[in-house]
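Here is the structure we will look at.
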Amino acid sequence: MQRQKLLINGERLKNEHERFANFGRTENNGVTRLSLSEEDRLARDFFQSCCEELGLRVKVDDMGCMYATLEGVENKPPILIGSHLDSVKKGGRFDGVLGVLAGLEVVRTLVENNIKPRVPVTIVNFTNEEGARFEPSMMASGVLSNKFDKNVMVKKKDADGITFEEALQSIGYEGEASNRLKEGTAFLELHIEQGPILEKEALSIGIVECVVGMACYDIEITGESDHAGTTPMNMRKDALFAANNLINEIRRVLGALDEELVYTIGRVNVYPSIHTVIPNKVVFSLEARHKNPEIVKTFKDFVESLPNLGLNEGCEVKTTKLWERDTVWFDAEIVNQLEKSAQTLGYSNKRMVSGAGHDAQFIASLVPSAMLFVPSFNGKSHCEEELTTWEECEKGVNVLLDTVLALLS
């Protein structure tokens, strides 16, 4: 088909977005729409009705993922556009849902311009990306890509003891395994950045080259509890003092390793946590993320050397790797096309990486994939203050539309 220059209807995108925000809207204009909740069911029902009004064929797989397809001239693998409709508790209005509505707006623009695509175009809503109700995150895309075992995942329970399988059945969205995503011409995911870089650099579009690799550890320091008032300082085995020594060394070494390395100590537990007792155990988490596997390996080697650094105050230090993931590089041709589309439309842009996980990183093992970011106000996400301007949302969807038209030409 001949390439057409089209733009989406930004006002329609805004209005649709606000309608979806009503499913779980919080007092402070955020959203609580936990996976497989009543709010999620309502959003799914509305999404399905929007798709059926456009004449799309909607299917649901055994993990509850929804696929709404605009048929193509040729019966070939579809161009897929999507993300997720679920949110964290008291999350924002844009995380996830923008990627689904981007697909809906792209298809609406094709339909209203009487464009019959060469290959099908499918909008996807992946189930339980957030993992806020049922852990882990990206559960359904993980099952589809064989990263997770379905039999294990469907038995995961929420805080009330309800299993994923029970919740899926209760909202009426347990479909057939035969409907699963298996192949595609391309998968495109538009997402808010969830970070401050685009806004700080006054850029409209982030062309995401990869989701960075990471490793996460627990560091456990075991000392001895004694009376805080009667034990001389030189006779103590204070686990918290040892933890302090290690944390200072971690900052010194990792801070000098690479400027793009990000590392976090997000959880610290001190035992017995009594002000008159010398701590006998401290456990803290340490994770780091970087696109270069050699940098991640250097981080892992350093963490595993912590017990031997002589900073343990007479305590025992043990490191346990909790999980890790490799860097996932997106399809170079699609990444190049996204960049070309942004440039063609005159939108300021840069290539960047994603430190956060997204469904696209799993789907990339099934389908050539790529992602776009639009700015997040003050870098805020997973909170009610989450905000991306409607103008920036519109620009992101326009880049998707131009890329889809290029892939169809």
Side-chain angles (χ1 to χ4, degrees), residues 131 135-137 194-197 200 210-328 352-357 361 379-383:
E135 295 183 354
S137 302
Q194 300 180 286
I197 296 173
K200 182 179 180 181
C210 68
V211 176
V212 302
M214 67 168 292
C216 183
Y217 285 80
D218 258 353
I219 316 299
E220 181 177 322
I221 303 109
T222 304
E224 293 181 359
S225 283
D226 285 300
H227 196 289
T230 60
T231 309
M233 298 304 294
N234 63 0
M235 297 179 66
R236 298 184 178 206
K237 294 183 179 180
D238 189 320
L240 185 55
F241 282 1
N244 181 63
N245 294 344
L246 293 173
I247 289 170
N248 284 331
E249 183 68 1
I250 287 166
R251 292 199 66 187
R252 185 187 71 80
V253 173
L254 298 186
L257 183 55
D258 189 281
E259 65 179 7
E260 293 186 356
L261 179 73
V262 293
Y263 54 96
T264 304
I265 296 171
R267 169 175 45 78
V268 180
N269 294 315
V270 180
Y271 305 92
S273 195
I274 301 171
H275 75 92
T276 57
V277 179
I278 298 167
N280 69 354
K281 186 193 295 189
V282 174
V283 182
F284 64 89
S285 64
L286 173 61
E287 70 155 52
R289 309 183 186 210
H290 197 279
K291 65 183 179 183
N292 186 335
E294 291 303 315
I295 296 293
V296 177
K297 182 180 185 304
T298 300
F299 163 74
K300 293 191 294 183
D301 290 344
F302 167 67
V303 172
E304 289 163 13
S305 75
L306 291 177
N308 305 315
L309 296 183
L311 301 171
N312 57 6
E313 302 278 342
C315 301
E316 179 185 350
V317 178
K318 177 184 176 183
T319 64
T320 302
K321 184 166 64 179
L322 301 178
W323 64 79
E324 65 179 315
R325 72 179 187 215
D326 295 332
T327 296
V328 175
M352 59 194 305
V353 303
S354 175
Q361 78 188 65
K380 295 284 189 180
S381 183
H382 281 188
C383 61

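The model shown is predicted, which means the values in this text are computed figures rather than measured ones. Counting from 1, the numbers follow the sequence of the chain as shown.
Put simply, the side chain of R236 gets close to the backbone of A228: a donor and an acceptor are under 3.5 Å apart.
Residues that satisfy the side chain to side chain donor-acceptor pair (under 3.5 Å) test with R267, not counting sequence neighbours, are D218. Under the rule for a salt bridge (Lys or Arg N to Asp or Glu O under 4.0 Å), the partners of K237 that lie at least two apart in sequence or sit in another chain are E224. Taking K297 as the reference, D301 meet the salt bridge (Lys or Arg N to Asp or Glu O under 4.0 Å) condition, with sequence neighbours excluded. For P293, there are no side-chain contact (heavy atoms from CB on, under 4.5 Å) partners two or more places apart in sequence or in a different chain. Applying the side-chain contact (heavy atoms from CB on, under 4.5 Å) test to A356 and every residue at least two apart in sequence or in another chain returns Q194, S354, H358. Applying the side chain to side chain donor-acceptor pair (under 3.5 Å) criterion to K300, with sequence neighbours excluded, gives E324. Every residue two or more places apart in sequence or in another chain was checked for a side chain to side chain donor-acceptor pair (under 3.5 Å) with N312, and none qualifies. Not counting sequence neighbours, the partners of I295 by the side-chain contact (heavy atoms from CB on, under 4.5 Å) test are L257, D258, L261, H290, N292. Residues satisfying the side chain to side chain donor-acceptor pair (under 3.5 Å) test with N234, not counting sequence neighbours, are none.
Taking both residues in full, the closest heavy atoms of L246 and L306 are given as CD2-O, 4.1 Å, listed atom of the first, atom of the second, then distance. Taking both residues in full, the closest heavy atoms of V353 and K291 are given as CG1-CD, 3.9 Å, listed atom of the first, atom of the second, then distance. Closest non-hydrogen pair, V328 versus Q361, comes out as CG1-O, 3.6 Å. Of all heavy-atom pairs between P279 and D238, the closest is CD-OD1, 3.7 Å. Counting all heavy atoms, side chain and backbone alike, M214 lies closest to C216 at CE-CB, 4.3 Å.
Counting only residues at least two apart or in different chains, side-chain hydrogen bond (donor to acceptor under 3.5 Å, both in side chains) contacts with residues 302-311 comprise Y217-E304. Sequence neighbours left out, the pairs with a member in residues 272-287 that pass side-chain hydrogen bond (donor to acceptor under 3.5 Å, both in side chains) are S225-N280, E287-R289.
Around the CZ atom of F241, the shell of radius 6.0 Å holds no more than 12 heavy atoms that belong to other residues, nucleotides or ligands.
To the nearest 0.5 Å, the span separating CG on D226 from OG1 on T231 amounts to 4.0 Å. The CG atom of L240 sits 11.0 Å away from atom CD1 of I278, with the distance rounded to the nearest 0.5 Å. Remark: L309 CG to F302 CZ distance equals 6.0 Å, nearest 0.5 Å.
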Donor-acceptor pairs under 3.5 angstrom involving side-chain atoms of residues 248-256: please list them, not counting sequence neighbours.
residue : atom : partner : partner atom : Å
N248    : ND2  : N244    : O            : 3.4
E249    : OE1  : R252    : NE           : 3.1
E249    : OE2  : R252    : NH2          : 2.7

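For the pair R325/V211, a side-chain contact is recorded, criterion being any heavy-atom separation below 4.5 Å from C-beta on. Contact of the F299 side chain with the L286 side chain is registered, since non-hydrogen atoms from C-beta on lie closer than 4.5 Å. Using a 4.5 Å cut-off on side-chain heavy atoms (C-beta onward), Y271 and V277 make no contact. Taking the side chain as every heavy atom from C-beta outward, I219 and I265 never approach each other to under 4.5 Å.
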